[in-house]
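These notes concern the structure reproduced below.
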Amino acid sequence: MVFELTDVSLLQSGALIDGKVCESISGSRVDVIDPATSKIIGSVPEMNGEDSRKAIAAAETALATWRTTTATVRSKHLHAWHRHVTDSAEDLAQLITAECGKPLSESRGEVAYAASFLEWYAEEAKRAYGDIIPPHQEDKRLLVIRQPIGVAAAITPWNFPAAMILRKVAAALAAGCTMVVKPAPQTPLTALALHVLADRSGLPPGVLNTITGSIDSSRQIGSAICESPTVRAISFTGSTAAGVSLAQQAAGTVKKVSLELGGNASFIVFDDANIEEAVQGALAAKFRNSGQTCVCANRFFVQSGVHDRFVKLFTAAVAQLRVGPGSEPDVTVGPLIDDRAYEKVRGIVADALACGAQVTIGGSQDSMEGRFFPPTVLTSANPQMRLATEEIFGPVAPVFKFETEEEVLQLANHTEFGLASYFYSQDINRCFRVAEAIECGMVGINTGMLSTAVAPFGGVKNSGVGREGGKYGLDEYQELKYICLGGVH
Ligand code: SIN
């Protein structure tokens with residue numbers, strides 16, 4: 001076993017529906033693999049559409065009571081769950097590293113980040129205010145109230161096995177919805193452990209239902225969720241292709257769809273930037289989770305006056321990163337999630353080299369054993385390379401040289417995506433000008449890390465619709481109801 005849990009009861013190998021541990025109806029199971037060693041570390045039920053319908057029915061039954069509980073009661077449940085998650089933080093971090101591969105220090109950070117959504121929405125539940133509108137006629141009184149949308153579903157990715165679940169579930173439960181959660185096939189163990197902790201905190205049966213599946217059966221689960229008239233909202237984090245397919249399938253039942261999809265973040269360093277700080281920001285924005293985050297910097301644009309200095313310092317900083325299994329101390333870059341991910345990154349680097357990129361460190365010629373890709377910096381990047389338009393999802397930093405602000409804005413916005421962007425500048429006028437001109441949902445100025453439970457996370461263009469986190473995250477799980485009271489004297 002690559003991990004040892006203090007509390008072994010967190011290692012749950014059955015799905016959890018209506019407060020009960022369940023096998024798949026077909027009886028089949030699917031293995032969970034440690035990406036660092038390719039060894040099997042567990043297995044979970046391989047569920048499909050039929051199992052999904054069972055989970056949806058449980059959520060529907062539980063909704064009748066949960067939606068009528070007061071915000072105070074829901075808040076108490078979420079606070080209790082937050083305490084359990086915080087108390088089990090180390091065990092959860094071990095599970096995250098075991099099935100997703102990220103360094104233990106990052107997994108610990110992820111648990112804290114994940115827990116912060118429970119705390120935030122425990123409080124926001126109590127602030128789901130409506131409105132009183134000045135009436136248009138003397139005998140009328142107009143009110144707007146917020147109501148839970150109903151049964152909601154979350155389909156979550158492997159790159160943040162805890163945070164992407166709690167970001168959705170905490171908001172849904174706070175709003176008064178019940179939920180079916182389908183974690184990524186690669187990382188179900190963290191999801192199930194979170195659910196065990198929810199049950200321990202007294203969440204009523206059926207309010208949360210976690211179903212598991214394989215890569216193949218996930219499609220059937222997705223379709224069953226999308227086609228169900230009972231499910232009124234879906235929140236999905238993952239690839240743009242999968243998001244588009246889910247949205248198309250969900251259209252038939254006119255659901256609320258919240259999609260957090262692919263990114264192609266620009267990271268711009270202007271001549272007037274603090275270069276040392278920009279290098280630190282670049283490390284954070286690029287190498288978190290081995291470059292496997294939707295908000296990872298994908299394209300570095302560096303102005304000609306500071307280009308060579310930035311590349312030199314950045315390359316020296318990248319040389320300090322330590323690649324290896326996430327469970328080993330001091331490792332800062334873990335493996336890629338699977339062989340397919342590794343081959344994709346290798347292909348993107350090979351294409352860049354064939355199109356004229358220069359390697360300052362790393363590169364596929366230094367490829368290491370297994371799924372470990374060496375942290376790589378490429379210079380002379382150009383728009384013809386695949387990395388200019390595709391999400392790399394690996395520890396590869398391509399640097400493009402630019403001359404003017406106008407030119408870089410055009411380059412940065414020349415993408416179908418619009419999730420996050422970063423830039424470094426010490427000119428306050430430029431800070432506002434560029435932040436407003438960049439086409440994306442989130443901008444980091446003089447920082448490489450912008451995620452927090454208190455702010456809205458989401459994208460524009462093909463990076464998605466809807467927002468998670470902050471006060472805005474509740475909207476995805478609520479309906480507005482307008483009430484018009486007439487005949488008032
Ligand atoms: C993601 O990459 O999808 C999420 C990253 C974050 O929440 O910071």
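All values below were derived from every heavy atom in this structure, side-chain atoms included, with hydrogens, water molecules and symmetry-related copies excluded. Indexing begins at 1, ligand by ligand and atom by atom, following the structure's order.
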Do Phe423 and Val443 come close enough that some side-chain heavy atom pair is under 4.5 Å?
->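 Result yes, sub-4.5 Å side-chain heavy-atom pair found.
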Which one of Ala420, Cys294, Gly263 has a non-hydrogen atom at the shortest distance from atom 1 (C) of ligand 1?
->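 Nearest option to atom 1 (C) of ligand 1, by heavy atoms: Cys294.
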Looking at [X], which atoms of ligand 1 are within less than 4.0 Å of one of its heavy atoms?
| X | result |
| --- | --- |
| Tyr113 | 6 (C), 7 (O), 8 (O) |
| Met164 | 4 (C), 7 (O) |
| Arg167 | 7 (O) |

Taking the non-hydrogen atoms of Met449, is any one of them nearer than 4.0 angstrom to ligand 1?
->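 In this structure, Met449 fails to qualify as a contact of ligand 1 - no heavy atom is under 4.0 Å.
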Pair Phe267 and Tyr424, ring centroids less than 6.0 Å apart =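 Ring centres of Tyr424 and Phe267 closer than 6.0 Å.
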Looking only at distances, please establish whether an N/O atom of ligand 1 is found under 3.5 Å from an N/O atom of Ser451.
->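 Yes; the residue has a nitrogen or oxygen that sits under 3.5 Å from a nitrogen or oxygen of the ligand.
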Is the shortest N/O to N/O distance between Phe457 and ligand 1 below 3.5 Å?
->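 Min N/O separation from ligand 1 is not below 3.5 Å for Phe457.
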What part of Arg288, side chain from CB on, backbone N/CA/C/O, both or neither, has a heavy atom under 4.0 Å from ligand 1?
->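 Contact part for Arg288 vs ligand 1: side chain (C-beta onward).
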Test applied, side-chain contact (heavy atoms from CB on, under 4.5 Å); reference residue, Leu336; option that passes from Lys344, Arg346, Gln292, Glu343 |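 The passing option is Gln292.
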Return the residue, atom name and 0.1 Å-rounded distance of the protein heavy atom closest to atom 5 (C) of ligand 1.
->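 The answer is Phe160 CE1, 3.6 Å.
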Apply the test side-chain hydrogen bond (donor to acceptor under 3.5 Å, both in side chains) to residues His195 and Thr210: give CA-CA distance (whole Å), side-chain angles for both, the deciding distance (0.1 Å), then the verdict.
-> CA-CA 7 Å; His195 191 143; Thr210 305; 2.7 Å; yes
Evaluate the ring planes of His77 and Trp66, with Trp represented by its six-membered ring, and classify them as parallel (under 30°), tilted (30 to 60°) or perpendicular (over 60°).
->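 Tilted, since the angle between the ring planes falls between 30° and 60°.
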Once the angle between the rings of Phe314 and Phe287 is folded into 0 to 90°, is it parallel (under 30°), tilted (30 to 60°) or perpendicular (over 60°)?
->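 Tilted: the ring planes of Phe314 and Phe287 meet at 30° to 60°.
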Given side chain to side chain contact (heavy atoms under 4.5 Å, CB included), test Val359 with Val377 step by step and report yes or no.
-> CA-CA 6 Å; Val359 177; Val377 178; over 6 Å; no
